Amino acid sequence: SPPPPNADTEIVHILNCRDRTSGAINNVFGEPTWVVPGEMALAAVALAIMGYHEEATQACAWLASVQDPADGAWFNQYDHETPTNAGKSPRHTAQVLMAFYQCGYQNRMAVENGLSYLQDCIVNSCDPADACLGGGKDESGAWIETEWLSDNVYAAKAFEYYGLITEANKIKATINSEFLNTALGA
């Protein structure tokens, strides 16, 4: 659907960056050659909030179609359906799962595989006992042990959305004890 004349500039931009055939939302105007899953997920949520439910659902379906079946993650960037950055930040997976939830998109297999990848990021972090996610996988497929606050916040919310409260609470407790106490000098 074309945006109404009084639509916010941001929604107009999202709609103009959207491939109407596939549903992919590019980071810039034009062909979907610079698609970043986490950012596209947030754009899908914005579309849903503004009443563009069909477009949000199509975006979620595109995201589900490019999920890596090998581990349940999303690559960091795509050119159309082809990964152009083989790294796999847990942020992208968590944000896509959050978008599925917020847009009401139902794809049980994509959700289960994405949640499994986030759990694997905990197991493969620098300290699996602390319940925080590591940084996902680099472009060679090796696990990144560095723990990022943003990845963990998004993952905790994704776990919470899908009823994995124990996992969410463990991450939140670790965020409070490791990230915030360190930042506050405690």
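Here the structure is a predicted model, which means the values were calculated and not measured.
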Query raised in the report: Side chains of Arg20 and Gln58: is there a donor and an acceptor less than 3.5 Å apart?
Result: no
**Report entry** Flag side-chain contact, heavy atom, 4.5 Å: Gln106 against Tyr101
**Finding:** no
**Report entry** Check: Pro37 and Leu63 side chains under 4.5 Å, non-hydrogen atoms
**Finding:** yes
Requested in this report: Measure across Gly134 and Asp151 and return the closest heavy-atom pair with its distance rounded to 0.1 Å.
Outcome: O-OD2, 4.3 Å
Requested in this report: Output the distance between atom OG1 (Thr93) and atom CG (Asp71), rounded to the nearest 0.5 Å.
Outcome: 7.5 Å
Query raised in the report: Is the count of non-hydrogen atoms from other residues, nucleotides or ligands lying under 6.0 Å from Glu139 atom CD greater than 12?
Result: yes
Query raised in the report: Trp62 and Tyr78: ring-ring contact (aromatic ring centres under 6.0 Å, His included), yes or no, with the steps?
Result: CA-CA 11 Å; Trp62 185 88; Tyr78 295 84; 5.7 Å; yes
**Report entry** Under 3.5 Å side-chain donor-acceptor pair for Trp74 and Gln95
**Finding:** no
Report task. Go through the steps for Lys88 and Asp138 under the test salt bridge (Lys or Arg N to Asp or Glu O under 4.0 Å), then give the verdict. Result -> CA-CA 6 Å; Lys88 296 177 180 175; Asp138 66 19; over 6 Å; no
Report task. Check for a donor-acceptor pair, side chain of Gln77 on one end and backbone N or O of Val36 on the other, with a separation under 3.5 Å. Result -> no
Query raised in the report: Quick one: does Ile175's side chain get under 4.5 Å of Val153's, heavy atoms only?
Result: yes
Query raised in the report: Can you name the closest pair of heavy atoms from Cys103 and Ala44 and give their distance?
Result: SG-O, 3.6 Å
Query raised in the report: Hey, does Leu133 have a side-chain heavy atom less than 4.5 Å from the side chain of Glu147?
Result: no
Query raised in the report: How long is the span from the CE atom in Met40 to the CZ atom in Arg18, to the nearest 0.5 Å?
Result: 9.0 Å
Query raised in the report: Phe100 and Val111: side chain to side chain contact (heavy atoms under 4.5 Å, CB included), yes or no, with the steps?
Result: CA-CA 8 Å; Phe100 286 176; Val111 169; 4.0 Å; yes
Report summary line: Heavy atoms of Pro83 and Phe75 approach each other most closely as CG-CD1, 3.4 Å
Query - Least distance between heavy atoms, Leu97 atom then Ala110 atom - result: CD2-O, 4.1 Å
Query raised in the report: Would you say the side chains of Gln102 and Tyr161 form a donor-acceptor pair under 3.5 Å?
Result: yes
Report task. Look up atom CZ in Arg108 and atom OH in Tyr162, then write down how far apart they are to the nearest 0.5 Å. Result -> 13.0 Å
Query - Atom of Ile25, atom of Leu47 and distance for their closest heavy-atom approach - result: CD1-CD1, 3.8 Å
Query raised in the report: If we only count heavy atoms from C-beta on, is the Ile171 to Ile122 side-chain gap below 4.5 Å?
Result: yes
Query - Glu167 with Lys170: basic N within carboxylate O range, under 4.0 Å - result: no
Query raised in the report: Which pair of non-hydrogen atoms, one from Cys121 and one from Gly136, has the smallest distance, and what is that distance?
Result: SG-CA, 3.9 Å
Query raised in the report: In terms of heavy-atom contacts, does CH2 of Trp148 have more than 12 from other residues, nucleotides or ligands at under 6.0 Å?
Result: no
**Report entry** Audit row: Asn113, Ser116, side-chain hydrogen bond (donor to acceptor under 3.5 Å, both in side chains) steps and yes/no
**Finding:** CA-CA 5 Å; Asn113 291 341; Ser116 177; over 6 Å; no
Report task. Indicate whether the side chain of Glu31 and that of Asn26 have a donor and an acceptor atom separated by less than 3.5 Å. Result -> no
Query - From CA spacing to verdict: side-chain hydrogen bond (donor to acceptor under 3.5 Å, both in side chains), Glu39, Asn27 - result: CA-CA 8 Å; Glu39 294 168 14; Asn27 267 27; 2.5 Å; yes
Query raised in the report: With the 4.5 Å side-chain cut-off for hydrophobic clustering, are Leu118 and Leu149 part of the same group?
Result: yes
**Report entry** Any side-chain heavy-atom pair of Thr174 and Asn152 under 4.5 Å
**Finding:** no
Query raised in the report: So, the side chain of Asp79 versus the backbone of Trp34: is there a donor-acceptor pair under 3.5 Å, distance only?
Result: no
Report task. Say whether Thr166 and Asn169, considering side chains only, have a donor N or O and an acceptor N or O under 3.5 Å apart. Result -> no
Query raised in the report: Heavy-atom distance under 4.5 Å between the side chains of Lys157 and Glu160, does that happen here?
Result: yes
